[in-house]
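A short write-up of the structure that comes next.
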Amino acid sequence: MINRLHVDLAGIELASPLVLASGVMGLSASSLERVAELGAGAVTAKSCGLEERKGHPCPAILPFGFGLLNAVGLANPGVDEMVAELRAFRLLSDVPVIASIFGKTVEEFPEVAARIAEARPAMIEVNVSCPNVAGEFGQPFSSDPALVGEITRLVRARVSDIPISIKLSLQCLSLAQIAKACADNGADAITAINSVGPGMIIDPNVRRPVLANRMGGLSGPAILPLAVRAVWEIAAAVSLPIIGTGGVETAEDVVQMVLAGATAVGVGTAVYTRGLEVFSTINSDLHVFMQERGITSLSDLKGAAHV
Amino acid sequence: MSEYMQTYQVKRVLTHNEGLKSFRFDRVIEAAPGQFVLVWLPGADEKPFALSGVFDHEIEITVKAVGPFTKQFMNVKAGDWVGLRGPFGNGFQPIEGMVLVGGGIGNAPLRYLAQCLREEKLLFRWVIGVKTAEDLAFRDELASMPEVTIVSEDSSIGKKGRAVDVLAAMNDHEPIIVLAASGPEPMLLAVHGFANTFSPDIPVQLSFERYMKCAVGICGQCCLDGTGLRVCVEGPVLSGHQLQGVTEWGRPHRGPSGRRPTQKQAVHHD
Ligand SMILES: Cc1cc2nc3c(=O)[nH]c(=O)nc-3n(C[C@H](O)[C@H](O)[C@H](O)COP(=O)(O)OP(=O)(O)OC[C@H]3O[C@@H](n4cnc5c(N)ncnc54)[C@H](O)[C@@H]3O)c2cc1C
Ligand SMILES: Cc1cc2nc3c(=O)[nH]c(=O)nc-3n(C[C@H](O)[C@H](O)[C@H](O)COP(=O)(O)O)c2cc1C
Ligand code: FES
């Protein structure tokens with residue numbers, strides 16, 4: 001039987017286009033394996049940096065009517081601990097695992113990339129776009145094409161044998177320009193988008209912002225149209241494969257992303273809004289969608305909305 | 001109440017001792033015993049607490065001061081605004097012939113479970129273990145309950161010993177149908193061990209704690225090694241079956257960064 005859901009992402013074979021997004025169920029080998037078994041085509045680990053970080057106090061993850069606000073603050077166990085978890089995952093599962101890294105400075109990125117490469121992940125995602133540590137780190141690197149280009153070049157130079165994807169945010173003047181900076185400096189893929197905003201929720205009784213960090217990135221169904229537009233713009237600018245991420249909850253949402261130009265599709269907040277079954281549900285709905293229309297491969301739909 | 005943030009005024013505070021208090025809020029919710037809420041103290045932090053009671057027009061949590069957040073919470077007075085979200089997770093299922101086993105502050109959710117068992121007119125017994133008499137909340141209420149046996153490690157109240165030590169004698173007296181336990185993890189594992197000495201095993205419902213940030217199953221902070229079960233969603237109350245395959249029993253818990261401290265670094269609370 002043909003697997004209609006099979007995709008090739010920068011040379012990595014995925015049995016489903018669905019990729020668990022970074023920061024969701026991604027701290028341990030066991031949680032990643034649980035998601036892999038439920039039907040994700042690949043799983044992305046939580047972003048890690050050189051050192052352990054506790055992140056912001058809580059509330060750090062706040063549901064509202066249309067998704068989540070989050071300001072976890074790059075809490076992570078540090079790259080060495082993450083190497084151990086990724087190695088443990090690879091012993092448990094054949095599903096490709098994507099490592100995710102961040103740096104406090106431009107120079108830290110290649111350092112963390114070289115260390116995480118020891119775990120031999122299928123891909124390294126370079127998170128240049130966390131919106132929740134602006135006070136500490138300044139503006140996300142992803143708003144500046146020169147910085148994104150430099151980070152891409154440095155990581156590429158240190159890690160030549162593992163594909164790298166640069167994770168972008170909406171917060172920039174021109175996504176096309178940023179995407180070109182990635183392509184020109186040796187990226188193999190682009191993940192777009194990170195959470196959006198930041199946004200804020202204020203409690204009317206207490207009269208102060210609810211998130212301990214006061215503001216946090218929006219994710220979930222509220223941002224799907226923004227993410228689809230972002231993928232569209234990036235696909236129009238560069239030919240790199242895109243992991244289209246942001247607000248995806250259904251098979252139709254996946255199809256939208258692919259029509260905009262995505263090769264694979266990230267799923268994060270839907271784990272909360274739809275439950276962990278979201279992976280198997282989308283897979284079977286997507287299969288039916290394609291079968292009914294006689295579509296044998298998602299690559300036939302890729303970018304088809306660009307007319 | 002829901003997973004969205006809502007703030008409520010504290011209606012009253014019951015002081016058991018200076019480091020152990022119950023807080024009541026004007027709020028009606030549907031919640032199973034063992035389910036928990038996230039409690040936001042504006043300006044401080046937000047942490048998980050089990051419901052210790054659900055009444056006609058009020059809900060209650062019981063807080064023991066162990067660290068920065070819970071110590072600050074001891075200053076909360078009637079009229080103060082506090083954020084509550086939930087209830088989250090899977091709770092206990094009240095069953096006729098149940099034996100409740102609680103260690104220290106772990107008895108808080110068992111108080112609500114006992115309330116449910118009584119309302120459903122199901123027979124049960126409840127063993128309460130504390131280090132010392134000071135640690136006991138609701139002392140007068142418990143004194144009037146014939147179902148309750150209290151033991152303490154220093155014999156300052158009830159017989160000297162630990163809650164698990166009295167289970168064998170209780171079972172000889174009248175067979176235990178199912179065990180419901182909440183308290184420090186070594187106690188939970190001892191209850192599980194006791195249940196497993198029977199053939200067939202006595203079914204168990206055990207309430208676990210792990211560091212939590214979201215309570216909606218997304219951050220991965222509370223996932224158990226070995227199975228990836230989320231203590232905030234599939235737990236906090238787990239069955240013996242759900243305990244199988246977990247490889248982290250007896251090890252220090254992952255902290256807020258996700259790192260698991262080495263045995264030496266771990267700070268023990270119970
Ligand atoms: C499902 C559940 C139900 C609980 N019910 C009660 C209850 O009814 N009454 C009660 O007094 N306590 C309860 N707790 C424990 C309570 O959440 C902690 O005592 C509190 O978070 C400690 O915070 P602190 O700053 O005072 O202490 P800290 O010094 O920061 O920590 C003391 C201990 O609490 C743990 N802890 C700290 N933060 C968290 C967190 N965000 N999530 C989980 N554990 C944490 C630490 O790992 C440590 O073991 C429950 C915990 C869970 C997970
Ligand atoms: C709780 C939470 C934590 C996140 N942590 C990270 C992270 O560590 N690194 C990262 O690149 N993206 C992180 N993200 C962003 C997601 O990977 C994703 O890009 C974004 O949420 C949009 O997708 P979604 O709507 O499907 O969640 C996080 C998102 C959430 C909700
Ligand atoms: S606390 Fe976030 S997954 Fe359980």
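The sequence lines fix the lettering, A, B, ..., with proteins before strands; numbering per chain opens at 1.
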- Message: Surrounding CG of B:Asn75 (heavy atoms of other residues, nucleotides or ligands, distance under 6.0 Å), is the total greater than 12?
- Response: yes
- Query: How long is the span from the OH atom in A:Tyr272 to the CD atom in B:Glu3, to the nearest 0.5 Å?
  - Reply: 3.5 Å
- Message: Counting heavy-atom pairs closer than 4.5 Å to chain B, which one of A:Gly65, A:Pro204, A:Gly78 comes out on top?
- Response: A:Gly65
- Most contact-rich option vs chain A, by heavy-atom pairs under 4.5 angstrom, among B:Ala44, B:Ser2, B:Pro42, B:Cys222, is B:Pro42
- Item | Nearest-0.5 Å distance that lies between atom CE in A:Met25 and atom CZ in B:Arg230 | 5.0 Å
- Query: Going from CG on B:Leu224 to OG on A:Ser28, what distance comes out if it is rounded to the nearest 0.5 angstrom?
  - Reply: 9.0 Å
- Message: Please find the pair of heavy atoms, one from A:Val206 and one from B:Trp81, that lie closest to each other, and give the distance.
- Response: CG2-CB, 3.8 Å
- Item | Considering all heavy atoms, the nearest B:Cys214-A:Ile61 contact | CB-CD1, 3.6 Å
- Does A:Arg34 reach the side chain of B:Leu229, with side-chain heavy atoms less than 4.5 Å apart? yes
- Interface moiety of B:Thr227 toward chain A, non-hydrogen atoms closer than 4.5 Å: backbone
- Message: Tell me which one of A:Asn70, A:Leu68, A:Thr273 satisfies side chain to side chain contact (heavy atoms under 4.5 Å, CB included) with B:Ile218.
- Response: A:Leu68
- To the nearest 0.5 Å, atom SG of B:Cys219 lies from atom NZ of A:Lys46 at 9.0 Å
- Task: Kindly compute the distance separating CG (A:Asn205) from CE (B:Met5), expressed to the nearest 0.5 Å.
- Result: 11.5 Å
- Query: Nearest heavy-atom pair of B:Gly226 and A:Ser30: which atoms, and what distance?
  - Reply: N-OG, 2.7 Å
- Message: Within a 6.0 Å radius of atom CZ on B:Arg210, are there more than 12 heavy atoms belonging to other residues, nucleotides or ligands?
- Response: yes
- Message: Quick check on A:Glu85 against chain B: is it the side chain, the backbone, both or neither that has a heavy atom closer than 4.5 Å?
- Response: side chain
- Message: Would you say that more than 12 heavy atoms from the other residues, nucleotides or ligands in this model lie under 6.0 Å from the CZ of A:Phe66, or not?
- Response: no
- Message: Is B:Gln221 close to chain A through its backbone or its side chain, or both, or neither, when contacts mean heavy atoms under 4.5 Å?
- Response: both
- Item | Contact winner vs chain B - A:Pro57, A:Ala75, A:Pro63, heavy-atom pairs under 4.5 Å | A:Pro63
- Query: How many angstroms lie between atom CD of A:Glu52 and atom OG of B:Ser257, to the nearest 0.5 angstrom?
  - Reply: 3.5 Å
- Considering only heavy atoms, which portion of B:Glu248 lies under 4.5 Å from any heavy atom of chain A: side chain, backbone, both, or neither? neither
- Is it the side chain or the backbone of A:Pro209 that comes within 4.5 Å of chain B heavy atoms, both, or neither? backbone
- Among A:Leu62, A:Val271, A:Ile201, residue most engaged with chain B (heavy-atom pairs, under 4.5 Å): A:Leu62
- Query: With chain A, which of B:Lys213, B:Arg85, B:Glu46 has the greatest number of heavy-atom pairs at distances under 4.5 Å?
  - Reply: B:Glu46
